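Here the structure comes first, spelled out in structure tokens, and everything after it is commentary.
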Amino acid sequence: MTRHLLKAEIHCHLEGAAPPDLTRAQAQKYGVDVSSILDENGYVWSDFSAFLVCYDAVASLFRTADDYAKLTESYLAELAAVNTIYSEIIVSPDHGDRIGLGADAYLAGVCDGIHAAREATGIEARIIVTGERHFGPERVIAAAQYAARARNPLVTGFNMAGEERMGRVADYARAFDIARDAGLGLTIHAGEVCGASSVRDALDVVRPSRIGHGVRAIEDTALVERLAELGTVLEVCPGSNIALKVFPDFDSHSLRALKAAGVRVCLNSDDPPFFRTSLAREYEIASSAMGFSDAEINGMTRTAIEAAFVDEATRVRLLSRLDAETGDDGRKPA
Ligand SMILES: [Zn+2]
């Protein structure tokens, strides 16, 4: 059992974390029929395109700053209830614009939710602004400019999500330069849908400290060595990878091999209820399906906090909380 272990995650998409019960309540509030995408077991989709339709339908039920505050607070409360001390939430201000709410109100709602959750549970959280790759370089650059301009203390990172097969990473380099110059931490989705070359491109062009997924780096031994040498952290989301068939099963998932090769890895939930998972389940999978010991799992939690886009005072506080719990002096690699 891993329930008692302290947890942290640095890769979860806000709209992708919407608890089904909250979605049901939102659908009622706005008079929307969600029977085709939501049943008593949760969200319903069959393949990747149906997943995107379902995701958009759920996202469309959050329309006001208050809706976003409620969504953020309920997800963080759920995390805190399973001993999570830190979370980074990936948000798209573009989405706020597209639904007519506006990026500022969207972000303000998320911040309100973070403050409310921290007040109620003590959980610490930060926001990663993401550009959506499939909307093209202009939109991704605009997202980076927005994040840089926001000067919001809770916005600490920049990411690029969306369709990995769209364009070359180089087309998006400027967005990452803008974010880097603004002092934001950098991470990028790669090595999930596309293979090792997408991870190599990300390292060459973006030079991020972290990569979202990156699990297909395993296809290239030299690349695995390079990741280990650089200390790049892979935000691994095993349940998501199996749901989207990146690997056929947990036995063939690359997490263990990557870790054994010295790559820094941590556990994350991605879009949890859409993949019938949760951060708690990801920890449980790491333990029971992948055979990691509690010490190895605590080591991955430590990696998540070490790689977190937070100020050093917060990082030190989170690490000492973890060390107090694990009896670790923090010096030996787990
Ligand atoms: Zn993701």
Side-chain angles (χ1 to χ4, degrees), residues 8-18 43 45 48-49 51-56 58-59 71-72 75 79 86-95 110 125-135 139-140 143-144 147 156-166 169 172 175-176 179 184-195 198-199 201-202 206 208-217 232-247 253-255 258 265-279 281-282 285 300 304 307-309:
E9 80 171 338
I10 55 177
H11 187 133
C12 179
H13 300 262
L14 177 61
E15 290 83 3
Y43 298 123
W45 53 274
F48 192 68
S49 57
F51 161 70
L52 292 178
V53 169
C54 181
Y55 190 98
D56 286 343
V58 171
L71 170 55
T72 306
Y75 179 61
L79 285 183
Y86 183 73
S87 165
E88 276 174 22
I89 302 173
I90 302 168
V91 308
S92 168
D94 243 10
H95 176 74
V110 177
R126 295 292 184 274
I127 297 168
I128 299 178
V129 164
T130 191
E132 301 288 339
R133 187 167 177 160
H134 47 268
F135 290 126
R139 296 306 311 154
V140 177
T156 55
F158 184 72
N159 197 338
M160 181 163 74
E163 177 52 79
E164 266 180 45
R165 288 163 289 197
M166 168 104 184
V169 179
Y172 301 87
F176 287 94
L184 298 170
L186 303 185
T187 178
I188 172 172
H189 282 63
E192 176 196 17
V193 178
C194 295
S198 68
V199 176
D201 285 352
V206 176
S209 61
R210 306 181 346 207
I211 286 181
H213 298 287
V215 286
R216 288 187 60 190
T232 312
V233 170
L234 301 187
E235 306 156 6
V236 181
C237 313
S240 160
N241 293 155
I242 302 310
L244 292 175
K245 302 188 169 60
V246 178
F247 298 98
H253 195 284
S254 61
L255 175 58
L258 288 164
V265 289
C266 62
L267 297 167
N268 302 273
S269 68
D270 208 8
D271 304 292
F274 287 87
F275 303 135
R276 304 282 157 96
T277 194
S278 62
L279 186 61
R281 179 170 171 266
E282 296 300 321
I285 287 168
M300 290 192 271
F309 297 148

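Please read these numbers as outputs of a predicted model, since none were measured by experiment. Atom set for the values below is all heavy atoms of this structure, side chains included, hydrogens, waters and symmetry mates excluded. Read the numbers this way: they start at 1 and go in the same order the structure lists the ligands and their atoms. Note that the numbering runs from 1 along the sequence shown for the chain.
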(request) Check the Zn ion (ligand 1) and write out every protein N, O or S atom at under 2.8 Å, as residue and atom. (result) His11 NE2, His13 NE2, His189 NE2, Asp270 OD1
(message) Just so I know, are the side chains of Ile188 and Val169 near enough to count as touching, which here means a heavy-atom distance under 4.5 Å?
(response) yes
(request) Anything under 30° is parallel, anything over 60° is perpendicular, the rest tilted; go ahead and classify Trp45 against Phe275. (result) perpendicular
(request) Kindly write out the residues that satisfy salt bridge (Lys or Arg N to Asp or Glu O under 4.0 Å) with Arg133, not counting sequence neighbours, or none if the list is empty. (result) none
(message) To the nearest 0.5 Å, what is the distance between CG on Asn159 and CD1 on Ile128?
(response) 5.5 Å
(message) For Cys237, is there any backbone N or O sitting under 3.5 Å from a side-chain donor or acceptor partner on Asn268?
(response) no
(message) Both conditions, 6.0 Å and 45 degrees, for the charged tip of Arg210 above the ring of Phe309: are they met here?
(response) yes
